[in-house]
Amino acid sequence: NHLLADERVLGAIRAVMGKQGVDVMERWIKTIANPAPAPLSAWERVFTRLRNNVTIVSMGFKITTAALQVLGSLQAIPRNGVIPQLRQTGITITRDFPALLAIQVRRFFGSPNTIPARVQFIFDRSDFMKNRMKNYDRDIKAAMETTIGSKPGVVPSLPKDVTDTFFYLTGLIDMGVSVPTWLAAYENALSGKYPNIAQGDEKAAIEHADGVVRTTQAAGAPKDLSALMADRGLIRIMTMFMSWANTFYNQLAAEQLPGV
């Protein structure tokens with residue numbers, strides 16, 4: 001919070017974003033510093049447990065929820081372009097489409113004991129993508145990080161190996177979309193297709209690719225949430241399962257109102 005304590009920096013931010021923008025930034029920084037404060041009241045504890053259990057029942061082991069992740073490629077097209085996105089996804093309009101798609105699937109999933117080369121290529125460059133399966137949705141992230149079914153001295157908690165399987169399929173399919181999206185954005189930036197990124201600037205290309213995934217496929221880490229989604233307390237009950245809709249709305253607003 002040292003930047004906002006500097007009056008020169010604060011004045012520059014206020015001049016561009018206004019007082020409301022500064023207030024949002026201050027709340028954002030506090031959320032990052034303390035992303036999961038302990039519930040203070042009995043009602044907060046009840047609603048936190050209710051929210052996590054509803055998330056597990058509604059989205060855990062759900063094939064339909066996992067299958068919907070595939071549609072995320074469509075949201076990446078406005079940022080990456082049709083051809084780069086479809087090429088990385090393995091989709092073509094030729095008669096060889098089934099064979100090419102099968103190759104792409106093998107390239108992504110690899111074997112049970114190895115991480116595919118292009119996934120490892122991304123993990124070596126991006127901590128954001130390396131941790132994405134734990135951060136792709138706010139409600140799932142909260143449910144996975146909260147001890148499930150626990151009440152000291154009464155109900156033992158489920159082993160973490162068990163709770164991790166609840167959303168594994170959904171996370172895997174999300175990576176099946178996020179990896180091609182990241183690669184398409186990375187290659188576009190590295191080849192100099194963006195005016196503010198110099199050709200061959202890998203650091204900027206990595207940051208750009210992370211940003212494209214974050215803003216088109218959603219993310220659940222505190223730093224990636226909008227002010228509405230990051231709000232704490234009982235209001236989170238009212239914003240459950242909004243990650244996709246919030247991402248789509250923000251993307252639509254950014255397309256229609258550049259610079260906002």
Side-chain angles (χ1 to χ4, degrees), residues 3 24-25 27-36 59 66 69-81 84-85 88-89 107-110 115-145 164 167-191 193-194 196-198 200-230 242-251 254:
L3 283 177
V24 170
M25 285 193 67
R27 290 200 303 271
W28 179 67
I29 291 172
K30 290 177 181 177
T31 300
I32 293 175
N34 187 17
M59 303 177 72
Q69 304 302 311
V70 175
L71 298 177
S73 284
L74 299 178
Q75 290 181 216
I77 287 176
R79 296 291 304 276
N80 287 338
Q85 182 68 27
Q88 290 293 345
T89 307
R107 286 177 63 192
F108 172 72
F109 290 104
I115 297 177
R118 72 175 186 161
V119 177
Q120 188 62 57
F121 173 86
I122 296 174
F123 287 177
D124 289 343
R125 288 159 175 79
S126 170
D127 289 334
F128 167 75
M129 288 295 289
K130 182 183 290 187
N131 296 303
R132 177 157 178 82
M133 284 189 69
K134 301 176 183 177
N135 291 293
Y136 63 91
D137 181 271
R138 186 201 67 179
D139 298 312
I140 289 177
K141 174 180 169 63
M144 292 177 68
E145 290 181 348
D164 284 349
F167 307 104
Y168 180 78
L169 178 60
T170 302
L172 193 64
I173 301 301
D174 172 83
M175 287 297 290
V177 174
S178 299
V179 164
T181 298
W182 194 97
L183 287 171
Y186 172 82
E187 290 184 355
N188 282 343
L190 204 61
S191 61
K193 293 183 179 179
Y194 290 92
N196 297 324
I197 300 177
D201 187 343
E202 186 176 33
K203 182 179 179 181
I206 292 170
E207 292 177 354
H208 171 76
D210 286 350
V212 169
V213 173
R214 183 183 295 115
T215 55
T216 63
Q217 307 303 316
K223 66 180 178 62
D224 302 320
L225 298 177
S226 66
L228 175 65
M229 296 293 287
M242 275 185 59
S243 290
W244 176 85
N246 190 248
T247 300
F248 181 74
Y249 170 80
N250 289 335
Q251 187 178 7

(request) Determine whether Val212 and Trp182 make a side-chain contact, defined as any pair of heavy atoms from C-beta on separated by less than 4.5 Å. (result) no
(request) Grab the two heavy atoms, one from Gln251 and one from Pro78, that are nearest each other, plus how far apart they are. (result) NE2-CG, 4.1 Å
(message) For Phe248, give me all partners under ring-ring contact (aromatic ring centres under 6.0 Å, His included), at least two apart in sequence or on another chain.
(response) Trp244
(request) Applying salt bridge (Lys or Arg N to Asp or Glu O under 4.0 Å), name anything that partners Asp137, two or more places apart in sequence or on another chain. (result) none
(message) Test: salt bridge (Lys or Arg N to Asp or Glu O under 4.0 Å). Region: residues 168-186. Which pairs qualify, not counting sequence neighbours?
(response) Arg132-Asp174
(message) Going by side chain to side chain donor-acceptor pair (under 3.5 Å), name the residues that satisfy it together with Asp127, two or more places apart in sequence or in a different chain.
(response) none
(request) Sequence neighbours left out, what pairs pass salt bridge (Lys or Arg N to Asp or Glu O under 4.0 Å) with at least one residue falling in residues 175-187? (result) Arg87-Glu187
(request) Look up atom CD1 in Ile173 and atom OG in Ser178, then write down how far apart they are to the nearest 0.5 Å. (result) 11.0 Å
(message) As an exercise, state the distance from OG1 of Thr181 to CG of Asn80, rounded to the nearest 0.5 Å.
(response) 6.0 Å
(request) Would you please name every residue forming a side-chain contact (heavy atoms from CB on, under 4.5 Å) with Thr247, sequence neighbours left out? (result) Gln75, Ala218
(request) Name all residues meeting the ring-ring contact (aromatic ring centres under 6.0 Å, His included) criterion together with Tyr249; count only those two or more places apart in sequence or in a different chain, and write none if there are none. (result) none
(message) Once rounded to the nearest 0.5 Å, what's the spacing between atom NZ of Lys130 and atom CD1 of Ile122?
(response) 12.5 Å
Show me the side-chain donor-acceptor pairs of residues 202-209 shorter than 3.5 Å, one per line, residues at least two apart or across chains.
residue, atom, partner, partner atom, Å
Glu202, OE2, Arg125, NE, 2.8
Glu202, OE2, Tyr186, OH, 2.7

(request) Using side-chain contact (heavy atoms from CB on, under 4.5 Å) as the criterion, list what pairs up with Asn135, not counting sequence neighbours. (result) Asn131, Lys141, Ala221
(request) Looking only at non-hydrogen atoms, find the nearest pair between Pro84 and Asn188 and report the distance. (result) CG-OD1, 3.8 Å
(request) Only counting residues at least two apart or in another chain, list the ones meeting side-chain contact (heavy atoms from CB on, under 4.5 Å) with Met59. (result) Thr55, Thr65, Ile140, Phe167, Phe241
(request) Kindly write out the residues that satisfy side chain to side chain donor-acceptor pair (under 3.5 Å) with Asn250, not counting sequence neighbours, or none if the list is empty. (result) Asn246
(message) I need the Gln217 CD to Met175 CE distance, nearest 0.5 Å.
(response) 11.0 Å
